[in-house]
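Remember, predicted model here, so these are calculated numbers, not experimental data. Just so you know, these numbers use all the heavy atoms, side chains as well, and skip hydrogens, waters and symmetry mates. Chain identifiers are assigned alphabetically (A, B, ...) following the order of the sequence lines, protein sequences preceding nucleic acid strands; residue numbering begins at 1 within each chain.
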Amino acid sequence: MSEVKVRGLSEAIAEHVEDGMTVALEGFGHLIPFAAGHEIIRQGRKDLTLCRMTPDLIADQMIAAGCVRKLIASFFASGSAGSLHEVRRRIERSDPEPLEVEEYSHYGMYGRYQAAAAGLPFFPLKSYAGSDLPTLNPRIRKVEDPYGGPDIHVVPALAPDVTVVHAQRADRFGNVQVWGIVGAIQEVAYAAKKVIVTVEEIVDDEVVRSDPNRTLVPAHAVDAVVHVPGGAHPSYAQGHYDRDNVFYRDWTAISKDPQLLRSWLQEWVHDLPDRAAYLEHLGEQRWQDNTVGERLSGQVDYGRRSS
Amino acid sequence: MSEVKVRGLSEAIAEHVEDGMTVALEGFGHLIPFAAGHEIIRQGRKDLTLCRMTPDLIADQMIAAGCVRKLIASFFASGSAGSLHEVRRRIERSDPEPLEVEEYSHYGMYGRYQAAAAGLPFFPLKSYAGSDLPTLNPRIRKVEDPYGGPDIHVVPALAPDVTVVHAQRADRFGNVQVWGIVGAIQEVAYAAKKVIVTVEEIVDDEVVRSDPNRTLVPAHAVDAVVHVPGGAHPSYAQGHYDRDNVFYRDWTAISKDPQLLRSWLQEWVHDLPDRAAYLEHLGEQRWQDNTVGERLSGQVDYGRRSS
Amino acid sequence: MITRTNELGPAGITISSTEFLATVAARELAGKHRVFAGVGLPTLAVDLAMRTVAPDIQLVYESGVCGAHPEGMAEGIADSVLVSGAEAVVNMQALFGYVLQGGHVDVGFLGAAQVDRWGSLNTSFIGDWESPTVRLPGSGGAADIVPNARECITVLRRHDPGAFPAALDFCTSPSPVRARDLDPRAVPPGHGVSTVITPLAVLRRPDRFGELQLAQVHPGVQIDQVREATGWDLAVAADVVETPWPTEEDVRLLREEIDTVRLYLR
Amino acid sequence: MITRTNELGPAGITISSTEFLATVAARELAGKHRVFAGVGLPTLAVDLAMRTVAPDIQLVYESGVCGAHPEGMAEGIADSVLVSGAEAVVNMQALFGYVLQGGHVDVGFLGAAQVDRWGSLNTSFIGDWESPTVRLPGSGGAADIVPNARECITVLRRHDPGAFPAALDFCTSPSPVRARDLDPRAVPPGHGVSTVITPLAVLRRPDRFGELQLAQVHPGVQIDQVREATGWDLAVAADVVETPWPTEEDVRLLREEIDTVRLYLR
């Protein structure tokens, strides 16, 4: 029997996330691990190198809270293309402090995770020929093609100390199942030394085992499974709740005003013990606005040997 | 509305497979496209370069039928480790003719498809350091690691002219859904110039669209969809029918005797017009022996926007 | 800076700049198949095109969705509405590696802060890289899309020498011209930016290694006006035509069927 | 060639060579977690280990199945019975790239036609490569597993100088020793073959860069007999022990619960 890895969120973050670590929080628009990010803020982690393809609001919040020394990313705006003003203030005016940035394209960031997951030094891609990105970021390099073609750009492996991802469901051992947009969840989990997964539901072993192709991250790659319903709000969990677009639109004004942003952090992160309290503070009506109707997948037959 | 790509098997093979082409038939133990292989034999194609990670019986049959000049592969035995005697006779004694062979490990073969699918010249992997495989096969080469690590082996892209794969289901446009072992199906489809998919079922658009994560090969990568129930026998289709292990065990004796092998081809391929006739020849009882009981996946909820 | 706001169309309808640009962009998609669509103006344009000039467009999103059939208007490239009922949701290696880099995308549809003479794009910085005046969103998928899509269409909401400079402040997504100049052997497979749609005009780059030319001016815009608003000596095609106005039906579709909540149609 | 066939065990049970080897191999899995199992003897050994010394083994197959819970005995690494009820079925990049090359496999379990002094394996050719006497199955996943699994266990059904030669006819899956000799910087992460189980003995290679040593002899086998059956001057460990016989329970499990159809227990 495998090891049961169910933990509380504060326990899992406290156990695995330390000051100065390289921490990846992935989820491409979908399943962004906001609850875990807030717990990292609440625990006062410092000097993190934060990795996220699309930093989104969670990066703006963690940076504003003083957790992050460096950001490794590929898109410096929110999902619907609004600015992340804390990120911009740091980069444009070092206000209130500078933020180190390491920058790639989406495929470059994803390739970095793939290389690390596969234990390789680099990942090759056709992007960047003629771009200023390799000049800005000398870690984007070239290799010679031993088959006689032109040199090709490569990005180096990125192995986070800890990865946190959110998913629809997992069993108690950490077999993680996801549907909808999968983003870099599988790759960043395998890339990392330690993996924390927050989920909408912890399900019976049989639920996972009734559909093994749905497992995106097998248990052997997972260190902690944490039950955090609503843990992706204001982003979404396909089939569970929709994106809170009002929240995203409101963020621009909050993010623009450093004082407002800090009050927001106080009210929505520091003054709340956990995600359950956050959802309560959000209120039933607001939650109802983002519920979704049912649209079931249908079933496939895996079969059972007759003998 | 997308293009409807439903074709007959003989039509699809006649349209896309020409003498001298590089043809990949993939399916890792599961979903081996036997019916399509037999149709290639029936149409008398010659001088093919056949690509298959695990050549399996289908390669023994196509080689014995005189279709194949060269084999690119990573495992020269049948799924349950029996010898492929036609392959062995060709390699060991050039009997009745030589067979050119290009050889990799599984990950190397798979990496070749990945590179071609991604339009890259090569795929890097950690295998082969110290192995005689690169000496045997000078297409396995090395690149320098621009991050200061040791040189790393690479395999070159392999882009078949045509790929044929078998799957459980597709819609009329060619969105292909697979569950169970997926093998190299996605990668070899994207690697190829033309893609023929034979399926157990052609389903309504809504069936595919009720579970988009189940789509392994999207329609844009597919050129022909062919309805061939039982098209993977004697291999299997998860949830549809099981592997015919008796057939696999019997093959050793057939394969050992060139005369018997040629009679088998006459009886089971040349003298039958199509897969329906093959299944009829196989008989109801034999088919019943490999049916499977039901084991359903359960459903997930994709959700529907309430607005 | 000149933008096209609230102009009167031929039927006497007041047309916003966004409606105008979306209609012009939609028409550029006639005959196209697989479109890699971003959010905002591209969302409107693609939807309008599917209802008018290009019914068989297949929508591909960098989030991995292929063959989307959204029941409502998407508010982002990772919107749940793109997933439900889609033909496929694939992982990012399949999407960026196989679909995009493998050459399956006909048209990439992108915005930019700056475009140069050869169709190279800047979406990263205005000003100095070290301490920029404006930190823009960066590449996202743009530096992957421009080299690998068969061609790219870019829409800008302004047309002035700041947006069309002689030299980019930063080149995020290079034209094949720029790639060739740096390494003649490492030219990406795509055409690069073929079409730039602005509030004044449509610029086209018919030759993969050629420069943008003024091909089309919007109603009431003079050729010289466009050249003055451009930071280099803009070439002019032999046969510059005038952009037709959106039809009443275009405007009706945009307002009553596509963006009913006026999310993008500001 | 010496094989162990139909010997009498301590309880007076006639034990076949396969039953003996499977039991010895099963015991080697005590305390191991993730096992990359091939078909045949490894199938029996892993199943027996899970019922005796290693209840928490997780089975990983090169077909992409992780955490298999087969309801019946698998007849291959891609058997449908491994899929139904498994914890995960992943694609080959996840399996070979992330699970295996990424370092998540504790033990690889492999057969071989030849093993050399350092635990390098030949599964490709007997005789000359150009026109071999015997064309063997080749690498399959072996050349990927040996460098990347934490360690590998190899079982051979014969023990003679042909199977244990001074020099391999072909090195399919090299020991780290051989990799280091060719390029000291490019040594794969794994230990390579740590244990070789034969019909005569168990050879172990405790040092990653050391050679195989005779560690254990089967009942009735003399040390010199093993050394004579080996094609090089086989080192002998300081404390050679005798392999314990399979227990009655081992044999019962193999016959009555594991391979009830006598597929592998020939």
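In this structure, chain C has heavy atoms under 4.5 Å from both the backbone and the side chain of A/L125. At a 4.5 Å heavy-atom cutoff, C/Y61 makes no contact with chain A through either its backbone or its side chain. Of the atoms belonging to A/Y241, not a single heavy atom falls under 4.5 Å from chain C. With a 4.5 Å cut-off on non-hydrogen atoms, A/F28 touches chain C through its backbone and its side chain both. C/I145 does not touch chain A: none of its heavy atoms, backbone or side chain, sits under 4.5 Å away. Looking at A/E92, the atoms closer than 4.5 Å to chain C (heavy atoms on both sides) sit in the backbone and in the side chain alike. In this structure, the portion of A/M53 lying under 4.5 Å from any heavy atom of chain C is its side chain and not its backbone. If you measure heavy-atom distances from A/T54 to chain C, you find no contacts under 4.5 Å at all.
Under the 4.5 Å side-chain criterion, counting only non-hydrogen atoms from C-beta, C/L263 is in contact with A/R249. In this structure, C/F170 and A/L133 have side chains that are in contact, with non-hydrogen atoms separated by less than 4.5 Å. Annotation: side chain of A/E103 is in contact with side chain of C/S124 (closest heavy-atom distance under 4.5 Å).
The line from CG of A/D242 to CG of C/D79 is 6.5 Å long, rounded to the nearest 0.5 Å. Atoms OG and CZ, on A/S105 and C/F96 in that order, are 7.5 Å from each other to the nearest 0.5 Å. Taken from CG in C/L168 to CG in A/D132, the straight-line distance is 8.0 Å, to the nearest 0.5 Å. In this structure, C/M92 CE and A/Q186 CD are separated by 13.0 Å, a value rounded to the nearest 0.5 Å. The CH2 atom of C/W129 lies 15.0 Å from the CD1 atom of A/I91; values are rounded to the nearest 0.5 Å.
Between the side chain of C/R135 and the main chain of A/R88, no donor-acceptor pair closer than 3.5 Å is present. Counting only distance, with no hydrogens or angles, the side chain of C/D144 and the backbone of A/Y107 share a donor-acceptor pair below 3.5 Å. Under a 3.5 Å cut-off, the side chain of A/Y110 and the backbone N or O of C/Q93 do form a donor-acceptor pair. The backbone N or O of A/N245 sits nowhere less than 3.5 Å from a side-chain atom of C/E75 that would complete a donor-acceptor pair. A donor-acceptor distance shorter than 3.5 angstrom exists from the side chain of A/S131 to the backbone of C/T172, with no hydrogens or angles considered.
The choice from C/G97, C/G64, C/S120 that makes the most heavy-atom pairs within less than 4.5 Å of chain A is C/G97. Ranking C/P184, C/G85, C/S131 against chain A, the residue ahead of the rest is C/G85, based on heavy-atom pairs under 4.5 Å. Between chain A and the options C/S173, C/S63, C/S175, the largest number of non-hydrogen pairs under 4.5 Å is found for C/S63. Of the listed residues (C/N148, C/T133, C/D183, C/L182), the greatest number of heavy-atom pairs within a distance under 4.5 Å of chain A belongs to C/T133. If you tally non-hydrogen atom pairs under 4.5 Å between each of C/V65, C/V134, C/V89 and chain A, the highest count goes to C/V134. Ranked by heavy-atom pairs shorter than 4.5 Å toward chain A, the options C/S139, C/G140, C/A179 are led by C/G140.
Heavy atoms only, all atoms of each residue included: A/S127 and C/A143 are closest at CB-O, 3.5 Å. Of all heavy-atom pairs spanning C/P174 and A/A129, the tightest one is CG-O, 3.1 Å.
Within a 6.0 Å sphere centred on CD of C/E130, heavy atoms belonging to other residues, nucleotides or ligands number 12 at most. Atom CD of C/E257 has more than 12 neighbouring heavy atoms from other residues, nucleotides or ligands inside a 6.0 Å radius.
For C/S84 and A/Q238, the side-chain atoms include at least one donor-acceptor pair closer than 3.5 Å.
For residues 185-196 of chain C, a heavy-atom distance under 4.5 Å to chain A picks out C/R185, C/A186, C/P189, given by residue number.
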Original post:
C/L95 and A/H106: side chain to side chain contact (heavy atoms under 4.5 Å, CB included), yes or no, with the steps?
Top reply: CA-CA 11 Å; C/L95 200 284; A/H106 277 344; over 6 Å; no
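Judged as a side-chain contact (heavy atoms from CB on, under 4.5 Å), and not counting sequence neighbours, the contacts of A/P218 are A/N175, A/Y190, A/H220, D/C66, D/A88, D/V90.
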